[in-house]
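Please read these numbers as outputs of a predicted model, since none were measured by experiment.
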Amino acid sequence: MISAQLHAGDEPRLVLAAATSAPRSVRLEGRRARVSGIVETSETGWTATIPLTVSRWGGEVLPVPSGEYSVFVDEDAAPLADASLVRLGPLNAQIRAGRVVASAPVDPDHLTSAGQASLEREYLRTREPLTDSVFFESFYGRNASCNPRAIDAEIARVAPHVVRYWSVVDGSVAVPDGAVPVIEGTPEWWRARGESRLLVVNDWLRRRFRRRRGQRVLQTWHGTPLKRLALHRPGFDPRRAVAVVRESRRWDVLLAQNPYAAGILAKAYAFLRRPVWVEGYPRNDVLTGGDPSPVRRALGIGDSERVLLYAPTWRDDREQMVDFLDVEQLARDADAVLLVRGHSRTLIPGADTVGARVIDVTGYPDIAHLLLIADALITDYSSVMFDFSATGKPMYFFAPDLEHYRGELRGFYFDLAERAPGPIVATQEELTAAVSDAAGPARFADRYAAWRERFNARDDGRAAERVVARLIDQGFIPTR
C-alpha cells in the first residue's frame, strides 16, 4: 500500500511512501504538465517526493496548472487514498478518487455562490478613488499574452509608475516582470478590477462589471475574423444577441488590426457609435525584428531544424482540438519539428499531443513567439493566418471539413478559396506534398502580396507604441 501526504509551504509537494522495493521512477502526470519525483530508499522501504510545481518552456518555476493528476509508479497508475483539501501556499490540493486535484489558492468560502455574491456587492458599493493602475486580462486569465501583453510592456516602458494587475485563473500563469497577478474570484481580483483606471482585455469581461466614473475599457479583441462571429453567426440565439450588445456597451474603445476587421467587428458587436482604433496588432510587433533564438532554445529546437506550426481553430461542435492530422507522420514526412497549437478554448478540456519531433505548445504563453520561430504555418480557418502573414513566410490551409464549417458551423466573411495566400488541401497526402514543394510559395506570391496589403499594412513593429500613445493622449493612462 502506498501512502500519500500533501505538504504545504513555499514549495508544495506530494510525498509517497511504501514498504516495498523501490521503483525506478515516480511521476505526476496531468493533461498539460508532467512532474518527476525523487525516490529515496531506506531499510523499511522507499519514499518519493514530487513537487507540485513545474518549469515549462524554460520559464520560472510555478505551481502546476489546475486540474487532475495521476501518479505513476514506474509505468503503473497508483491509486491513492483520498485526502481532504489542503491549502499549500501557491495552490490548493486534495486527493480525490485516487488522483491529485490541484486548484487555485482561493479560500473555499469565496468560491461559493454566496461568497462571490458578497464580494460582488462590495465591488459594486465601493467608493474608493481610482488608482493609477491598469487591469489586464487575456483569454479569460488562461495566460498573459496577446495584445494586452504587448500593451503591458509598452506601458511599463513609458509609464513605470502605473501598477499593472493581471487577471489569472491560478498560480501557473506567468505574468510580465513587475506585474501583480490577481486570481479570478478572489477579493484582490475584485478590488483590482474596481480600482483600476483602465481595463485592457481581449475577450468578454463576463462577470458583472460596473464602469466607475473615470474608468475606461480598451477591448483589443484577438484576431481579424474570417469566420462569422457574434451577431453575424448563423442561427444566433436572440438571447445571446442581447448579451452581445450588453457586453459591447462595456467597452470604450475597440482595437482593430486593419480597416477590414474594424468594419466587421463594429457591426458584429453593435459597436457603431464609439471609436475603433485601427493601429495594427501590438502582439505582432515582435514579428518585426524579433530574435527567434531564445524561443527555439526554450523549446529544445536546433537552429538549423525546420519548424512547422500547426494551429487549427476550434469547432463549435467539439471541445478538444481537431484530430484530422497524424502529426507524428507529418513531422516525419516533412523532416521537420511540428509545433501543435490548439485554440485557447481547447486548453483546459484538451490534453497535450505527443510524438517524435512533435511539441504540443497549446499551453505556451504567447503564440507570437511561435509565429516568430515557425518556418511555415499550417492552419484552417484561424485568425492566426492574418498575423502570420506579417512575416511573409509560407502558409498552408489544411481544411478537410471546409464545406461543413463554412456551410453549417460558422460561415465566412469572404471566399477563402479565392484569396488564400497558400494552397488549400483536404488530405494529409496533399498537405505533405504542399509543404515539401519548394517552388509552391512562388505560385502564390501575387495573392500573398495583396493579402498583406489589405491585412498587415499597420503591422510594422510599432503598434503598441501607437496604442499606448493614444491612451496617454486621451487620459486613459495618467502621466506624472
Output all residues satisfying side chain to side chain donor-acceptor pair (under 3.5 Å) with [X], sequence neighbours left out; order by chain, then residue number.
X: Tyr140; value: Asp203
X: Arg357; value: Glu305, Asp335
X: Glu403; value: Arg406

Any side-chain heavy atom of [X] within less than 4.5 Å of one from [Y]?
X: Asn202; Y: Arg283; result: no
X: Ile477; Y: Arg197; result: no
X: Leu330; Y: Thr432; result: yes

Look at [X] together with [Y] and state whether they make a salt bridge at an N to O cut-off of under 4.0 Å.
X: Asp360; Y: Arg32; result: yes
X: Arg149; Y: Asp366; result: no
X: Asp375; Y: Arg296; result: yes

Mind checking side chain to side chain contact (heavy atoms under 4.5 Å, CB included) for [X] and listing every partner two or more places apart, or none if nothing turns up?
X: Ser55; result: Val61
X: Ala156; result: Arg164
X: Pro275; result: Val253, Trp277
X: Glu418; result: Asp415

[X]: partners by ring pair (Phe, Tyr, Trp, His ring centres under 6.0 Å), with sequence neighbours left out:
X: Phe136; result: Trp166
X: Phe444; result: none
X: Phe398; result: none
X: Phe476; result: none

Examine the side chains of [X] and [Y] and answer whether a donor and an acceptor come within less than 3.5 Å of each other.
X: Thr313; Y: Ser382; value: no
X: Tyr381; Y: Asp401; value: yes
X: Trp221; Y: Gln257; value: no

Residues 463-470 side chain polar contacts: donor-acceptor under 3.5 Å, at least two apart:
unit_1: Glu465; atom_1: OE1; unit_2: Arg462; atom_2: NE; d: 3.3
unit_1: Glu465; atom_1: OE2; unit_2: Arg462; atom_2: NH2; d: 2.6
unit_1: Arg466; atom_1: NE; unit_2: Glu279; atom_2: OE1; d: 2.9
unit_1: Arg466; atom_1: NH1; unit_2: Asp460; atom_2: OD1; d: 3.1
unit_1: Arg466; atom_1: NH1; unit_2: Asp460; atom_2: OD2; d: 3.0
unit_1: Arg466; atom_1: NH2; unit_2: Glu279; atom_2: O; d: 2.8
unit_1: Arg466; atom_1: NH2; unit_2: Arg458; atom_2: O; d: 2.9
unit_1: Arg466; atom_1: NH2; unit_2: Asp460; atom_2: OD1; d: 3.3
unit_1: Arg470; atom_1: NH1; unit_2: Glu279; atom_2: OE2; d: 2.9

